[in-house]
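Presented below is the structure to which this report refers.
Computed from heavy atoms alone, side chains included, the values below leave out hydrogens, waters and symmetry copies. Positions are given from 1, in the same order as the sequence printed here.
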Amino acid sequence: MNAENRMIQSVGHITMIIISGACLIPFLLLVVSSLTSEQSILSNGYSFFPQEWSFSAYEYLGKASEEILRAYGITIFITLAGTATSLAITSLLAYPMSRRDFPIKNQLAFFVFFTLLFNGGLVPTYLIYTQYFDMKNTIWALIIPGLLMNGFNVLLMRTFFMTSIPLPVIESANIDGAGEFRTFFSIVIPLSMPIIATIGLFQTIAYWNDWFNGLVYLTDPQLFSIQNILNRILTDIQFLSSGMADSRASGSAQQLPSTSVRMAIAVVGAIPILIAYPFFQKYFIKGITIGAVKG
């Protein structure tokens, strides 16, 4: 490697270190702020080296530990069930669209692409899911509306199938007597782990971070996901701090670590995804790169 290439590589490494630091430093500040006393934040602002440490924000969240644990269980269930079902639907739709001998592949591609451009709007969607499918206050309201299938993911997976699955391999399987389902599950799926892991990560993040479906379709607190619970805790703090409660409530509101609790809420919501990401990383770059190539 000559001096010019080494210099370019060094510049690239330094640039990536700076970008990585720009991503990590705000999260580090978030964690430190959640462990900082309320008075220290109000007096001195946010700091990486606070004058007074405190676990009061997490103690406040701990008072709602039963609700939070139940919400975590619901969130884990809808994330696993929704991601698995979404991957099954997406792959089963994308695979025939990728086959050049499938007669209506272009029509299917048009309908999928059409969903990226237009939708029915919130009110018609709400009426259909609540009045016709009766999903209000059910666990399915957190899995199906708006999350179960995404047109972008279908087109991404179709492109991967077209560019990365050799046609002679599929033809050889057909000659050996394998049917379409046998070919799909025994050959196509094992060769498509990069794109499956990539879309699985997209769906996992979407389900874990979703709060909108719970806000729209749920009124039963027993079915709230972790995002809805944390949003409700944050709303309660804002209500107490706003002075709309009675004088006694307002007095207790002054004792609440409202600023640090906001930080703690963000930490609690983000950590599980940070733990899951390394398991997808080895597939993510390859899947998103190959799947994004126009096919």
Side-chain angles (χ1 to χ4, degrees), residues 34 57-86 88-89 115 118-151 153 202-250 252-253 255-273 276:
S34 71
Y58 292 97
E59 291 173 358
Y60 178 81
L61 294 182
K63 294 177 182 178
S65 58
E66 183 178 349
E67 292 183 8
I68 290 176
L69 289 176
R70 182 178 62 249
Y72 258 117
I74 291 173
T75 302
I76 291 172
F77 172 76
I78 65 173
T79 300
L80 295 178
T83 300
T85 307
S86 177
I89 294 174
T115 63
F118 304 98
N119 62 72
L122 178 59
V123 174
T125 302
Y126 176 82
L127 293 176
I128 288 174
Y129 282 124
T130 57
Q131 297 187 10
Y132 289 93
F133 295 107
D134 197 24
M135 287 187 186
K136 188 175 179 64
N137 281 328
T138 67
I139 196 69
W140 305 111
L142 298 176
I143 296 177
I144 296 177
L147 294 174
L148 193 60
M149 196 190 78
N150 183 289
N153 292 341
F202 288 162
Q203 289 299 109
T204 298
I205 293 174
Y207 275 107
W208 187 270
N209 291 332
D210 177 61
W211 57 271
F212 184 74
N213 282 339
L215 180 67
V216 173
Y217 298 104
L218 299 182
T219 57
D220 183 2
Q222 299 294 320
L223 295 174
F224 282 176
S225 67
I226 187 64
Q227 300 299 336
N228 294 120
I229 287 290
L230 297 182
N231 184 60
R232 185 178 179 183
I233 293 174
L234 181 59
T235 303
D236 290 344
I237 293 172
Q238 291 173 338
F239 173 75
L240 291 173
S241 300
S242 66
M244 291 186 292
D246 56 27
S247 58
R248 191 167 112 188
S250 297
S252 63
Q255 306 299 322
L256 291 176
S258 58
T259 305
S260 56
V261 165
R262 291 186 178 92
M263 305 299 119
I265 288 172
V267 172
V268 169
I271 284 180
I273 292 298

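A donor and an acceptor atom, one from each side chain of Y58 and S34, are located under 3.5 Å apart. Judged by distance alone, the side chains of D210 and Q227 never bring a donor and an acceptor atom under 3.5 Å apart.
With hydrogens and angles disregarded, a donor-acceptor distance shorter than 3.5 Å links the side chain of T75 to the backbone of I226. Within the 3.5 Å criterion, the main-chain N or O of M149 finds no donor-acceptor partner in the side chain of Q203. Checking side-chain atoms of N150 against main-chain N and O of N153 turns up a donor-acceptor pair under 3.5 Å. For N137 (side chain) and L218 (main-chain N/O), no donor-acceptor pair under 3.5 Å exists by modelled atom type.
Counting only heavy atoms from C-beta outward, the side chains of F133 and I144 never approach each other to under 4.5 Å. Side-chain contact between L142 and I139 is present, with heavy atoms from C-beta onward closer than 4.5 Å. Side-chain contact check for L148 versus Y207: some heavy-atom pair is nearer than 4.5 Å. Using a 4.5 Å cut-off on side-chain heavy atoms (C-beta onward), T219 and K136 make contact.
Taken from OG in S225 to CD1 in I76, the straight-line distance is 12.0 Å, to the nearest 0.5 Å. Atoms OG1 and CD1, on T85 and I78 in that order, are 12.0 Å from each other to the nearest 0.5 Å.
For Y217 and W140, the ring centers sit 6.0 Å or farther from each other.
Closest approach of D134 to T138, counting heavy atoms only: O-CG2, 3.9 Å. Among all heavy-atom pairs drawn from A141 and N213, the shortest one is O-CB, 3.4 Å. Between I143 and A81, the closest heavy-atom pair is CD1-CB, 4.4 Å.
For the ring pair (Phe, Tyr, Trp, His ring centres under 6.0 Å) test with W208, the passing option among F202, F77, Y72 is Y72; the others fail.
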